[in-house]
Amino acid sequence: MGWAAGGTGRNVALIDTDAASGVADSAIEPAVVPLAQLGAAIAEREAGTPRPRWVWSDTEHWYPELLAAGIRIERCHDLRLCHAILHGSVLAAPATLHQGGVESSTWDATNLPAPNAPPPPPHAAAALFDLDDLAPVAAAVEASGDGIDGSEGRAASGAVGSSQASAQREGDPADAHESFAEWHRQMAASTGVPGADRLKLLLAAESAGALIAAEMRAGGLPWRAEVHEQILSDVLGPRPQPGALPERMERAAALTRAALGEPGLHLDSQPRLLRALHRNGVFVESTNRWLLREHTHPAIEPLLEYKKLSRLLSANGWAWLEEWVHDGRFRPTFVPGGVVTGRWASSGGGALQIPKQLRAAVVADPGWALIIADVAQLEPRVLAAMARDRSMAKAGNGTDLYAGIVASGAVDTREHAKLAVLGAMYGATTGESGRLVPQLRRVFPDAMKLVDDAARAGERGDTVTTWLGRSSPPPSPRWHEAQAAATQPDADTADERRARQAARDRGRFTRNFVVQGTAAEWSLCWMADLRLRLDQLGTVGAASGAPRSGAAFSQRPHLAFFLHDEIIVHTPLERVDAAATAVREAAASAGRLLFGGFPVDFPLELRVGHSSDEL
DNA sequence: AGCTGGATTGGG
DNA sequence: AGAACCCAATCCAGCT
């Protein structure tokens with residue numbers, strides 16, 4: 001069975017996508033469930049076999065409340081994220097989604113054309129994570145008026161009463177029918193095209209990522225506030241009164257001001273600080289740490305100390321702790337697909353920039369452990385697999401790809417191997433890295449051809465596409481203007497220089513895009529696969545007490561953190577070994593999902609322990 | 001008062 | 001040390 005859900009009012013409409021398949025949209029009558037009973041309705045269908053794939057407008061909108069009620073779902077299709085992928089992808093059949101003038105990369109139901117794509121063939125939504133998943137569920141939650149009872153099969157249209165409800169119906173992207181129609185369009189766009197399998201895998205992985213992001217926020221990263229506070233007081237001094245600076249900062253500031261002979265100097269103002277430095281004979285262009293370090297004035301050392309402490313205080317000080325850590329959990333907001341390449345972004349809490357200094361605050365609960373796993377040299381391994389470069393893949397057999405590259409004879413030291421590989425992926429042209437790249441090109445021509453081709457495509461203004469089908473954005477109008485200006489008869493050397501510069505910049509972007517984006521896809525598959533494996537390990541002990549926030553994770557191993565190529569799993573001690581095995585197996589599985597039988601290793605550095613500091 | 005862009009520093 | 005790619009968060013300056 002399958003269900004679509006949508007809506008933001010007091011009632012939620014569910015469409016059985018199997019029953020509705022082949023039925024004209026106007027004839028589809030959603031089952032209406034009061035919003036308060038949505039959790040129970042979903043939980044009931046999740047308990048069945050096979051479990052449905054929920055199709056909904058936006059995981060971020062629907063899932064947190066379900067999680068708070070202790071309800072998890074196994075799989076979904078996130079229309080917003082998938083629309084963004086399909087809208088930009090050169091692999092997707094364009095007409096189905098682009099028709100009607102949808103320009104925004106964000107799915108906006110108010111701009112969508114009337115559904116005109118034929119209903120997908122039965123089971124079209126079966127995704128690669130479960131080829132036997134023949135039961136997509138579209139869940140459309142629909143705003144409607146008062147007095148609707150929840151009997152299945154009842155027409156939602158009869159429920160529209162108040163003008164407020166009508167207004168919500170008109171423009172609500174979560175509307176059941178809109179969701180159902182958009183789902184049809186997305187299936188049409190991703191079915192029967194070359195590369196459909198990859199695209200479907202990407203849509204499934206992206207949607208799983210949306211579930212994981214919500215679950216990680218709900219589950220949280222175990223964070224000991226008292227350990228964090230101890231670090232702060234050790235480094236900054238005791239917590240100051242509001243408005244006052246911590247002792248150590250105050251001292252560093254005073255020493256700096258004294259050395260500069262300006263007792264009233266405001267150190268946080270770059271222009272004023274710069275002028276003061278100049279007056280003291282320190283002729284730096286900026287207050288950048290590396291520039292300052294080259295000078296020997298007595299103000300430099302305390303100033304650098306002040307800047308370091310200031311950073312800790314403002315980014316991860318007591319205020320951060322109070323805002324982001326509650327009940328022993330750090331709950332950042334992860335933003336799947338938030339970066340053009342497909343990497344995740346974060347919003348609030350600075351989840352992607354936790355300084356290593358504070359890692360000691362990440363401590364497992366009593367009776368629990370942390371599993372911290374990261375992939376060694378993920379991006380070059382992904383590159384080797386994409387390019388089917390067997391020599392480079394072979395260099396990555398074992399644990400250290402850079403050592404393997406040295407063994408291949410391309411370069412002489414591990415440090416040079418690292419510089420050469422990073423230079424190849426980032427497009428270095430100068431410096432030591434730039435000089436080493438040609439040596440790599442000689443030994444790994446296939447891998448280098450892939451990134452070089454991507455760079456040339458970008459320089460031409462073409463889009464490039466990741467392994468699973470996420471395409472780079474096209475060049476901006478400004479970019480085209482710069483290129484056009486350089487080809488005019490009256491173009492001067494400055495025009496030409498600008499155009500060449502813009503082309504090269506874009507070439508470096510597309511060069512990196514294919515590798516970074518495919519690495520992000522590997523990580524998504526790793527996590528999505530791991531999530532299902534961890535769920536199969538089941539809960540431990542007896543669930544006790546009433547459901548509370550986070551109850552969905554209270555007794556089971558769960559993903560607690562993700563950062564590009566690293567994950568942290570928080571697990572009951574009884575499940576440590578099984579969870580660690582799952583982490584490894586999921587990595588191997590991700591490699592097979594993306595690259596089939598191509599012989600490429602993705603070795604994990606995997607540590608198990610109580611505190612992330614000791615690991 | 002609120003926005004934008006620059007500078008800086010943390011992460012991969 | 002960095003460079004070269006992708007970011008977020010903070011503070012400040014300068015603008016409307």
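Throughout, a chain's letter reflects where its sequence line sits, starting with A, and its residues are numbered from 1.
- In this structure, A:V340 reaches the sugar-phosphate backbone alone: every heavy-atom distance under 4.0 Å involves primed, P, OP1 or OP2 atoms, never a base.
- Rounded to whole Å, the distance from CD on A:E521 to C1' on C:dC6 is 15 Å.
- The base of C:dA9 is not paired with the side chain of A:Q353 by any donor and acceptor separated by under 3.5 Å.
- Of the charged side-chain nitrogens involved, none lies within less than 4.0 Å of a carboxylate oxygen, so that A:R511 and A:D453 do not count as a salt-bridged pair.
- Taking the six-membered ring for Trp and thresholds of 30 and 60 degrees, A:F509 and A:F513 have ring planes more than 60 degrees apart, a perpendicular arrangement.
- A:K449 and A:D446 are not joined by a salt bridge, as no carboxylate oxygen comes within less than 4.0 angstrom of a charged side-chain nitrogen.
- Under the 30°/60° scheme for interplanar angles, the aromatic rings of A:F595 and A:W467 are found to be tilted.
- Computed from coordinates, the A:M249 CE to C:dC11 P distance equals 10 Å when rounded to whole Å.
- A salt bridge is defined here as a Lys NZ or Arg NE, NH1 or NH2 lying under 4.0 Å from an Asp or Glu carboxylate O, and A:R239 with A:E229 fails to meet this definition.
- To the nearest angstrom, C1' of B:dT9 lies 14 Å from CG of A:L358.
- Using a 4.0 Å cut-off on heavy atoms, the residues of residues 298-326 of chain A that approach DNA chain B are A:K307, A:R311, listed by number.
- If you check every strand for non-hydrogen atoms under 4.0 Å, A:E432 touches a base.
- Using a 4.0 Å heavy-atom cutoff across all strands shown, A:G427 reaches no nucleic acid atom at all.
- At the heavy-atom level, A:S269 lies under 4.0 Å from the strands shown only through sugar-phosphate atoms.
- Counting to the nearest Å, the P atom of B:dG12 and the CZ atom of A:R343 are 10 Å from each other.
- Taking the six-membered ring where the residue is Trp, A:H228 and A:W223 present tilted rings, their angle falling between 30° and 60°.
- Under the 4.0 Å criterion applied to side-chain N and carboxylate O atoms, A:D400 and A:R414 are assigned as salt-bridge partners.
- A:L419 has its CG atom 15 Å from the C1' atom of C:dC5, to the nearest Å.
- Of the residues in residues 277-297 of chain A, those placing a heavy atom less than 4.0 Å from an atom of DNA chain B are A:S286, A:T287, A:N288, A:R289, in numerical order.
- Taking atom CZ on A:F330 and atom P on B:dG11, their separation rounds to 14 Å, with Å as the unit.
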